[in-house]
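First the structure, in the form of structure tokens, and then the observations on it.
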Protein chains: 2
Amino acid sequence: MIYVKNRGIFRSSAAALRGNPLQQPVSRPPTKITCSACTLRDLCMPLGLSKGEMIQLEQLSSVKRAFKRGDFLYRNGTPFTSLYAIRMGFFKTQVLHEDGREQVTGFQMAGEVIGLDAISGDVHPCDAIALEDSEVCELPFAQLETLSRELPVLQRHLHKLMSREIVRDQSVMLLLGSMRAEERLAAFLLNLSERYAARGYSPTAFQLRMTRQEIGSHLGLKLETVSRTFSAFQENGLISVRSKSVELIDLPGLRAFFAQQTL
Amino acid sequence: MIYVKNRGIFRSSAAALRGNPLQQPVSRPPTKITCSACTLRDLCMPLGLSKGEMIQLEQLSSVKRAFKRGDFLYRNGTPFTSLYAIRMGFFKTQVLHEDGREQVTGFQMAGEVIGLDAISGDVHPCDAIALEDSEVCELPFAQLETLSRELPVLQRHLHKLMSREIVRDQSVMLLLGSMRAEERLAAFLLNLSERYAARGYSPTAFQLRMTRQEIGSHLGLKLETVSRTFSAFQENGLISVRSKSVELIDLPGLRAFFAQQTL
DNA sequence: CGCAACGTTGAAATTCCTCAATTCACGTGG
DNA sequence: CCACGTGAATTGAGGAATTTCAACGTTGCG
């Protein structure tokens with residue numbers, strides 16, 4: 001097998017359940033892991049905090065929760081209390097339309113902070129669902145706000161997190177509004193690639209954590225179109241796919257879907 | 001003419017220029033208009049400030065700038081210094097792709113705060129362009145951050161503004177990702193309708209401030225499709241359109257494009 | 001071993017886009 | 001004040017991209 005060499009810790013355990021019906025995280029005693037010892041610190045928390053400030057932050061975010069594939073981190077309509085920093089694993093967020101249509105608004109991986117969209121209404125406007133066994137740090141928002149009044153660095157960081165989310169959403173809008181299926185999928189793969197690279201994993205070989213249907217929902221395509229486009233990429237030697245294993249063979253070729261397309 | 005009865009102050013003056021080539025706001029001495037006297041206070045600023053606090057805020061936001069149709073409020077790539085509260089008028093924000101494709105990410109009207117997406121990168125990631133003669137209050141962001149450390153109400157408000165922007169963007173993603181042309185346009189019209197209503201204008205008769213091309217860019221459609229869909233709505237008695245004048249005749253009929261569509 | 005969800009592929013149908021011609025609205029200059 | 005020019009909008013016909021419907025293969029777990 002050529003595919004998938006690294007990211008071992010991200011692989012779903014063979015025992016992963018199909019999602020637990022109670023939507024409760026599996027009971028596991030809340031672990032205490034310090035932010036200062038966390039390898040993801042740079043991604044989710046601000047740099048430049050003093051030791052004392054770091055400790056304040058750790059006290060706030062001490063609660064960790066574990067999830068199995070299919071578990072809800074939070075649900076559309078439930079009260080907002082906390083943001084969540086993903087320590088490990090993979091989530092999707094989705095909004096549901098009354099008529100049953102769903103839109104996957106994003107896929108989130110370790111080091112990313114999730115739940116910012118709930119601040120405005122005090123209620124979560126979407127679902128967040130684990131796509132593999134995952135762990136999050138809970139960040140009670142009221143306390144985070146209080147602390148950020150004392151720590152300008154933290155305040156600034158929080159603002160940047162929210163703003164970055166807006167920018168990300170805008171680039172998805174660009175994708176959905178003006179790209180063809182091939183371009184959308186290429187952009188999607190390259191985006192995953194960059195994010196894996198930023199976390200020290202191979203940017204060219206990884207396991208997809210989501211189904212074709214979920215990719216399609218995120219990209220505004222039907223699952224058949226996603227599947228066909230994967231196959232087309234493979235025939236053109238751009239990638240190698242087999243089910244959820246992907247290898248990006250021709251990165252420049254994938255990138256070419258943007259600059260050149262409309263010339 | 002049945003169309004357009006109110007919103008007089010929003011109408012472009014006959015003398016409106018085609019946009020000024022220097023992209024500078026027309027020189028007009030900065031007017032001092034107090035927030036406390038502003039009719040839009042409820043929309044852009046937090047409620048519950050004491051008189052003294054309100055004054056602090058006013059000192060920060062006293063600069064007003066006037067724009068003519070076509071002027072840039074800010075440009076993609078320019079340094080970020082301030083947020084802008086729209087006092088009067090209408091703007092669009094758009095992101096540009098290298099190859100020339102553009103995506104209108106939103107239309108903003110009086111009372112809305114614009115520029116939040118620039119916080120993350122210290123540079124504006126998009127263009128903001130006036131669609132009619134407009135005026136904004138400049139809110140220097142560094143000062144806003146400082147003040148919001150002292151005024152929890154302001155801090156909370158700022159967080160809600162950003163979060164609301166994320167939620168808005170997500171609903172546009174839902175629109176772009178899973179709706180048909182008719183649904184997109186119905187959603188667009190109903191959204192405008194609500195926002196006019198919130199400002200005391202007629203929710204059923206208004207002037208479009210943007211071209212078919214701009215509507216199309218925002219909704220992920222070509223201008224011809226927008227035009228055709230308008231005509232189809234008119235034939236079905238849902239609306240009455242003539243160029244930029246729109247009257248929504250059958251609101252329930254327009255709303256029906258959602259709940260019923262996929263049943 | 002067999003079910004059930006996931007994934008692939010083909011053919012037909014649909015939606016939206018492209019290209020093109022024409023009309024309309026509006027600001028400018030004669 | 002009207003004619004003209006230009007950009008905006010409408011409409012039609014044909015074509016392309018994506019969806020829909022359907023059949024079949026694959027994978028993983030009970």
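Order of the sequence lines sets the chain letters (A, B, ...), proteins ahead of strands, with each chain counted from 1. Since this is a predicted model, take the numbers as computed values, not measurements.
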Notebook entry, point to check: Rounding to a whole Å, what distance do you find between A:K244:NZ and D:dG28:C1'?
Noted result: 11 Å
Check: Between B:I215 (CD1) and C:dC16 (C1'), how many Å, whole number?
Finding: 17 Å
Check: Is the B:F257 to B:F233 ring centre distance short of 6.0 Å?
Finding: yes
Next item on the list: Give the rounded distance in Å between these two atoms: CG of A:L223 and P of D:dT20.
Entry: 10 Å
Next item on the list: Return the nearest nucleotide to the side chain of B:T211; candidates are D:dA9, D:dT10, C:dT9.
Entry: D:dA9
Notebook entry, point to check: For D:dT11, does OP1 or OP2 lie under 4.0 Å from any side-chain N or O of B:S231?
Noted result: yes
Check: Per the atom types in the model, does the base of C:dC16 pair as donor or acceptor with the side chain of B:E182 at under 3.5 Å?
Finding: no
Note to self: Contact between B:R199 and B:R195 at the side-chain level, heavy atoms closer than 4.5 Å - yes or no?
What the structure shows: yes
Check: Does a salt bridge link A:D133 with A:K68, judged by any charged N lying under 4.0 Å from a carboxylate O?
Finding: yes
Check: In whole Å, what is the span from the CG atom of B:L176 to the P atom of D:dT18?
Finding: 15 Å
Check: How would you label the contact of B:G220 with the nucleic acid (heavy atoms, under 4.0 Å): base, sugar-phosphate, or nothing?
Finding: sugar-phosphate
Check: Less than 4.0 Å between a side-chain N and a carboxylate O, is that true for A:E224 and A:K222?
Finding: no
Next item on the list: Hey, which sits more toward the 5' end of DNA chain C by its nearest nucleotide, A:R228 or A:S243?
Entry: A:S243
Note to self: Rounded to whole Å, how long is the line connecting atom CD of B:Q207 with atom P of D:dA8?
What the structure shows: 16 Å
Note to self: Check this one for me: any side-chain N or O of B:R242 less than 4.0 Å away from OP1 or OP2 of C:dC24?
What the structure shows: no
Next item on the list: Report yes if the side chains of B:L251 and B:L190 come closer than 4.5 Å at any heavy-atom pair, otherwise no.
Entry: yes
Margin query: Between the base of C:dC19 and the side chain of B:E224, is one N or O donor paired with an acceptor at under 3.5 angstrom?
Written below: yes
Notebook entry, point to check: In whole angstrom, what separates A:L185's CG from C:dG7's P?
Noted result: 13 Å
Margin query: Just N and O in the side chain of B:K222: are any of them under 4.0 Å from OP1 or OP2 of C:dT18?
Written below: yes
Check: Which nucleotide in the set D:dT19, C:dC16, D:dT10 lies at the smallest distance from any side-chain heavy atom of B:R212?
Finding: D:dT10
Check: Just how far, in rounded Å, is C1' of D:dT19 from CG of A:L219?
Finding: 15 Å
Check: Picking from D:dA9, C:dT9, C:dC16, which would you name as closest to the side chain of B:T225?
Finding: C:dC16
Note to self: Nearest whole Å is fine: how far is D:dT18 C1' from B:M179 CE?
What the structure shows: 19 Å
Check: Has B:R180 got a side-chain N or O lying under 4.0 Å from the OP1 or OP2 atom of D:dT19?
Finding: no
